[in-house]
Amino acid sequence: MILPSSFYDQDTIATARGLLGCSLVHAEGNETTTGMIVETEAYPRRDPAAHSFHGRTDANSVLFGPPGHAHLFFVYGMHWCMNVVTGTDEGERGAVFLRALEPVKGVPVMQERRGTHELRLLCSGPGRLTQALGITGEFNGVPLNSGPLRISSRRSVFGSHTVEESMIVQTTRVGIAKAREQPYRFYLKGNPHVSRKAGLAHRKISENGPEGI
DNA sequence: GTACTGATTTTCT
DNA sequence: GAAAATCAGTACC
């Protein structure tokens, strides 16, 4: 039931949609934490908002490697966020950003790591889900079809292919400054663990340059 | 319920 | 030096 590496070697949008309903598993020792992916964002290689857009650096080198591997990056001085490396139609790499999970297994461990018992607050956000599953920068570059970090395929989350498509909401991405209008965010309709209902970031963007120097 | 702010550090357009 | 694919807490309606 583990997704084969070939799954990730496809268009980034298709991968972002296909990962909804799949399970992210961190199994190490006797502590296993699992969450169903309920919210993703696509970052195609040529997207100005993609971390790989300006070329390869030390921090993003995994994004230029083979599909099906985890890319971890640190944001805002305190949070780890996780990408999955994909392929694209042009044979270049893209990334799927994991934004939210529905806790499935190891809830007590997640509650301890997150410092809260509220189920809604365990994995409903990119920084929260990595903390809940104990995923940090040491997982940067690991494969997702073997080892402690894996993604397994959908079970019976969707009744059929047609139902599946109707359960996916497509909207704009969160928290980015560039290419805000691109509808590259996907989530499962009605799922309470989705990080936000609205598509646009809640924080205002400065519109006409600096105003108070 | 919405709106704003501070925390904190890695990275380099 | 400034920006960053965020979160939690506070204030106010």
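So you know, we letter chains A, B, ... as the sequences are listed, proteins then strands, and number each from 1.
Computed from coordinates, the A/Arg196 CZ to B/dA3 C1' distance equals 13 Å when rounded to whole Å. What separates CH2 of A/Trp80 from C1' of C/dA4 is a distance of 14 Å, to the nearest Å. Note: OH (A/Tyr184) to C1' (C/dA5) measures 15 Å, nearest angstrom. Summarising the geometry, the separation between CD1 on A/Ile176 and C1' on C/dA3 is reported as 15 Å, rounded to the nearest angstrom. C/dG9 atom C1' lies 12 Å from atom CG of A/Leu121, rounded to whole Å. Across the protein-nucleic acid pair, A/Arg173 atom CZ and C/dT6 atom P stand 12 Å apart, rounded to whole Å. Rounded to an integer number of Å, the gap from NE2 of A/His51 to P of C/dA3 is 15 Å. A straight line from CD of A/Gln131 to C1' of C/dA8 spans 11 Å, rounded to a whole angstrom.
With centroids closer than 5.5 Å and planes inclined by less than 30 degrees as the test, A/His79 and the base of C/dT6 fail to qualify as a stacked pair. You can call A/Tyr43 stacked on the base of C/dA5; the centres are under 5.5 Å apart and the planes sit within 30°.
Here the side chain of A/Tyr76 is nearest to one of C/dA8, B/dT11, C/dA4, namely C/dA4. In this structure, the nucleotide among B/dT10, C/dT6, B/dC12 sitting nearest to the side chain of A/Phe74 is B/dT10. Side chain of A/Met78, nearest nucleotide from B/dT8, B/dT10, C/dA8: B/dT8. Distances from the side chain of A/Arg114 to the nucleotides C/dA4, C/dA8, C/dA5 place C/dA8 closest.
Checking A/Lys178 against A/Ser124, the closest nucleotide of DNA chain C that is more toward the 5' end is the one next to A/Lys178. Taking for each of A/Gly77 and A/His54 the nucleotide of DNA chain B with the nearest heavy atom, the 5'-most of the two is the partner of A/Gly77.
Phosphate contact (OP1/OP2 of C/dA5, side-chain N/O of A/Arg185, threshold under 4.0 Å): absent.
Taking the ring centroids of A/Phe53 and A/His51, they lie at or beyond the 6.0 Å cut-off. Checked against the 6.0 Å centroid criterion, the rings of A/His26 and A/Phe139 qualify as a close aromatic pair.
In summary, A/Glu92 and A/Arg46 engage in a salt bridge, as defined by a charged side-chain N under 4.0 Å from a carboxylate O. A salt bridge does not link A/Asp11 with A/Arg17: every distance from a Lys NZ or Arg NE/NH1/NH2 to an Asp or Glu carboxylate oxygen is 4.0 Å or more.
Across all strands shown, B/dG1 forms a Watson-Crick or G-U wobble pair, both distances under 3.5 Å, with C/dC12. Of all nucleotides present, none satisfies the Watson-Crick or G-U wobble test against C/dA5 with each distance under 3.5 Å.
With hydrogens and angles disregarded, a donor-acceptor distance shorter than 3.5 Å links the side chain of A/Arg114 to the backbone of A/Leu122.
Across all strands, A/Ala49 comes closer than 4.0 Å to base atoms (heavy-atom distances).
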